[in-house]
Amino acid sequence: MMCNEDYHSLVNGVGSLDLSGDAIPCKLLITGDTSFPVLVTPNKDVLIAAARYGKGKMVVLAHEAYLNKKEFMAFLQNAVSWLSPHSAAVIRVNSALNLLANTLKASGKDVQTGSLSHGLEVLCIDGYDDSKSQEIISFVHEGGGLLIGAQAWHWSYSHKENVLNHFPGNKISSVSGIYFFKNSGEKGKFLLTENVPDTPLFTNVDFSEDLKILLNGVSYLDINGEACPSHLLLHGVLTFPIGLTDKHGCFLGGAYYGKGRVVVISHEVLLCKPELKNVILNAISWLDIGQKKNIGVRTDMQNVKQVLDSGNVPCHLTNLVPGLSVYCCDSYSDSEVEAIHQFVAEGGGLLIGGQSWYWSSINLDDDVVCNYPGNKILNKFGITIMDTTVYRGRYKTISPKEANKQYHFFKVICNLQDELKSSDGLKPPLSTWLLKFKEDLPVFMRLPASPITSSTQNQFVETVNMFGPKVSKENPENINSRQDFIFWCANECCIVSQITDGSSIREPSFIFETDATNPEDQEAWRSTGLYLNPRTTAVFEFPPSVVRHGIQVQIGCQSNDLSSLEADLRAPVKVRRVKVFSQKISISWFFGGLLYIILKKNSNLGIFLIKVNGANPVPTFIKGKSSRESWLQRTRHLPAPWAELITDNIILTVRSDAIRSLDDPEALLSFWDKVMVAVAELAAIPTKFPRPERIVTSSLKTYMHSGYPILFLAGSVRELINLNFIKEEGFWGPILGLGQNQQLPNWKFTDEICALWPLYVHETVAGMTWDQANPSLMPKQRAERIQNYVHNGCKLRDWKSWTALETFLQLQEGFGWETYKRVFKKYQTITDVKGDNTFQMNLWVKTFSDAVETNLVPFFEEWGWPIDDSIRNDLSELPAWEKNAMKPYFPKKGK
């Protein structure tokens, strides 16, 4: 960011500054998106700050005495040089600042006293006279430089007014986001840091007096009705909630910005809701700081004007023009964004309403946080309209006395850092706010870069990194624990990356080709063959033709969300995705991981090249493309911790240490080709899969998770890559996962049908019997399971696991694999199937009976299935199954 260059210009050659002596500084409060601290004391007090405003610049010191102090002259000469709009600029110095004037003259500057004159200059003043504040602000906005010093703590003793609004210096400096604050600051001799110091997290601004005005005469805020508001994220130092739900969702918020004020309500219809009329009128009064009563309502908001007219508030329809004291608009246009920013900064009041969820729903390939029109206006003020919705209802107003006890994202993220440093569990009220905080943090991490936002993000990241997750077999990750919360924070924290080009990344560049044609009705993954180290950043460069077309970059391969599990040996979510909004994007991740390109369904972007900086190559073998010689000599020894073995229908992703001794990946993948053909044959689908299945090893406590990808226990990796082991011992787990991925919604009444796939594959590909494929299928054990089930009355509640599988094994033994293929083919044409088990079980009875032209009702009844009379009647004309496999388990009837 530009502030880095600005900072280095200001401190060049200055190692420290002496702020000891009689002068007691005040603290400076930084809020602007271009303002940054120059000097921060060990107690985290900002005593010097700088900013850009419009075309000009400003340097602010926390006591006017520093402007005339010998020890400051080297710094002040740097400051004046940085502030100068051109080399021949006149430097106008307050007459009391003799030492500064003489020092600047000695350095060859054109120094004069007196007030501003025409032309761009540098003005050096104290901050106790605001009589020409607007003239000075305009001067800076047009390109002038301002050096100003003051302290506000003494002023606050004799004035009851709000320091932020009324202290004379703040009527000038606040437009740039720098305020003189009422508290005194630390004295001493302080070192200047090499780079811009972090902006201290400042949370002790009291908004109770503001709430008294805004909520005067209002007991409840009723947001019932058809209008569905968005959540508001309050991430600015000078923002505060006005309306909260009982789940801490903010739908009405306020902010100070520069000399002005802002009120945001998260649906424009609420501006005209009769039940909210009083709070809207209060907001207008609060926003109209000088009570000039020149209220402008944008020309297309006639209904808002009617509300103000009914409240005897003088107003007129207009776009934003000079002279207004308050401007009312919605958040759906950014055509006036720069004018609104200047209007508020220089003392105007803004009342704005709108939601973003609809915009987000029709702009799926865009980022609502940065690009929604209303957020282009409001992000600068410290408020963001989120695309999540607020629960409508009638909510009790915030008591001004309880204002500091309410959920406020900025205060929570600041206070949470101290909590995370503690080894104790999270305490109330923070512990009760975490659910809402989890909704808000991902949005905050996507905010556009600014010194204060980036500083807050980075400080939180550093805290999480310092105290964050260490999960192992001895220390599993327990859901809803402090460890779990830090894990989640670590995931979100790695979104922070301000790298905009590859210049600072020293890793080698890679250029690879990607086929972005995906005609299928599901997303597709494209492996890049690259790995990103933990807590580092990679930069991707895309051709302009594919930007904003639904492409995403993903880091990590274990995409299954394990948040519902009580404990496990890894984080609950281990992937992160970034949408390709621009030609160049950066991505980082706490855990690091393999890099993928994600294509949305039905995309047709063709083949294009991608350049990546900051990543490392992974051991990759592609059947038919990679050479065994290269694999043996180089590829399998690459240091990246993950490896991928790729063939047309399946990709095996394993830890690299598992493949270091793999000598013949070609033979292994040829075997897996046969496996995938068999999987497809039984499922009665084409043998070329629409996208390759993926199996990824993971540190799971449980055995296997189906899905995309299938997660498989890392300790059983031999079942994936050791061909001799597979042919001798079998590989039940991976094939069960592949079988579960073939399951259709209309036969989900039991998962045991999926176990047919490992049986079929072991039998047809590996040449193994069922009991060789799994010892649980020894004939004796099978018979005992059925006998026990019959003995206990064939109760459906006992029909599960291996016992339930026996039903389908008996059908296979009676009718063969070809019948199953016909049944699964038929199921692909069946639609509108109810989700309840009884309906689906009856459908199976009917479908299988029709496939074999045999009445199987007696067989399924003996298994305890609930058969409908309609199915029984439908199948009554078919011949009975004479070799019913359940007959031997029932006493003979008759006699």
Side-chain angles (χ1 to χ4, degrees), residues 221-236 239 241-255 262-273 275-276 279-280 298 300-301 303-304 328-335 337 340 350-395 407-409 435-448 492 495 523 548-550 552 577-581 600-601:
L221 296 173
D222 188 340
I223 57 170
N224 282 308
E226 295 182 3
C228 189
S230 288
H231 278 111
L232 297 178
L233 174 65
L234 306 181
H235 52 84
T239 63
I242 303 169
L244 290 172
T245 71
D246 51 13
K247 296 187 181 297
H248 318 299
C250 182
F251 55 88
L252 181 61
V262 179
V263 170
V264 184
I265 194 163
S266 58
H267 200 299
E268 73 284 1
V269 170
L270 300 180
L271 291 169
C272 306
K273 187 175 173 61
E275 293 86 348
L276 297 177
V279 76
I280 298 301
R298 204 175 64 195
D300 57 352
M301 300 184 72
N303 50 357
V304 175
C328 307
C329 64
D330 63 37
S331 64
Y332 304 124
S333 171
D334 57 8
S335 61
V337 59
I340 289 175
L350 177 69
L351 177 62
I352 184 170
Q355 46 79 18
S356 69
W357 54 262
Y358 179 74
W359 184 94
S360 180
S361 71
I362 61 174
N363 292 274
L364 297 176
D365 297 330
D366 218 334
D367 185 1
V368 67
V369 175
C370 298
N371 296 322
Y372 169 63
N375 287 337
K376 291 181 180 180
I377 298 171
L378 294 171
N379 283 340
K380 187 183 285 277
F381 302 146
I383 299 178
T384 297
I385 302 178
M386 299 163 63
D387 57 3
T388 54
T389 55
V390 170
Y391 289 109
R392 286 163 283 190
R394 185 171 179 263
Y395 298 107
Y407 175 85
H408 182 199
F409 172 81
L435 189 62
K436 184 69 182 82
F437 183 79
K438 282 188 173 185
E439 294 178 8
D440 290 347
L441 184 64
V443 177
F444 178 71
M445 289 298 187
R446 283 163 33 216
L447 285 170
E492 296 305 326
I495 293 174
E523 70 176 24
R548 296 183 183 274
H549 282 281
Q552 299 181 78
R577 289 184 177 183
V578 172
K579 294 179 180 179
V580 179
F581 290 131
K600 70 178 182 179
K601 62 184 181 180

Would you please name every residue forming a side chain to side chain contact (heavy atoms under 4.5 Å, CB included) with K273, sequence neighbours left out?
D222, L270, E275, L276
Tell me every residue that passes salt bridge (charged side-chain N to carboxylate O under 4.0 Å, His left out) with E268, counting only those two or more places apart in sequence or in another chain.
none
Okay, side chain of S230, backbone of M386: is any donor-acceptor separation there less than 3.5 Å?
yes
List in chain and number order the residues that pass side-chain hydrogen bond (donor to acceptor under 3.5 Å, both in side chains) with K579, two or more places apart in sequence or in another chain; answer none if no residue qualifies.
none
Looking at residues at least two apart in the chain, or sitting in another chain, which of them share a ring pair (Phe, Tyr, Trp, His ring centres under 6.0 Å) with W359?
Y372
Go through it in stages, so that I can follow the logic: the residues are F251 and L221, the test is side-chain contact (heavy atoms from CB on, under 4.5 Å), and I'd like the CA-CA distance, side-chain angles, deciding distance and then a yes or no.
CA-CA 10 Å; F251 55 88; L221 296 173; 4.0 Å; yes
All side chain to side chain contact (heavy atoms under 4.5 Å, CB included) counterparts of K600, not counting sequence neighbours
D365, S603
Just jot down the side chain to side chain contact (heavy atoms under 4.5 Å, CB included) partners of K247, sequence neighbours excluded, or say none.
T245, Y391
List in chain and number order the residues that pass side-chain hydrogen bond (donor to acceptor under 3.5 Å, both in side chains) with S361, two or more places apart in sequence or in another chain; answer none if no residue qualifies.
none
With the side chain counted from C-beta on, respond yes when S331 and I385 share a heavy-atom pair under 4.5 Å apart, and no when they do not.
yes
N/O donor-acceptor pair under 3.5 Å between R392 side chain and E226 backbone
yes
Can you tell me if CG on L435 sees more than 12 non-hydrogen neighbours from other groups inside 6.0 Å?
no
Contact between R446 and V368 at the side-chain level, heavy atoms closer than 4.5 Å - yes or no?
yes
To the nearest 0.5 Å, tell me how far I352 CD1 sits from Y332 OH.
9.5 Å
Gap between atom SG of C250 and atom CD1 of I242 - 0.5 Å precision
7.5 Å
Hey, mind stepping through L351 and I280 against side-chain contact (heavy atoms from CB on, under 4.5 Å) and telling me if it holds?
CA-CA 9 Å; L351 177 62; I280 298 301; 4.1 Å; yes
Output all residues satisfying side chain to side chain contact (heavy atoms under 4.5 Å, CB included) with V580, sequence neighbours left out; order by chain, then residue number.
F542, V547, I551, V553, I585
Which residues share a side-chain hydrogen bond (donor to acceptor under 3.5 Å, both in side chains) with Y395, sequence neighbours left out:
none
Is the count of non-hydrogen atoms from other residues, nucleotides or ligands lying under 6.0 Å from F581 atom CZ greater than 12?
yes
side-chain hydrogen bond (donor to acceptor under 3.5 Å, both in side chains) partners of residues 375-384, not counting sequence neighbours, each pair once:
D33-K380, H235-T384, D334-K376, N379-T384
By side-chain hydrogen bond (donor to acceptor under 3.5 Å, both in side chains), which residues pair with H231, not counting sequence neighbours?
T388
With sequence neighbours excluded, residues passing salt bridge (charged side-chain N to carboxylate O under 4.0 Å, His left out) with R298:
D300, D330
With heavy-atom distances below 4.5 Å as the criterion, would you say the side chains of P229 and V269 are in contact?
no
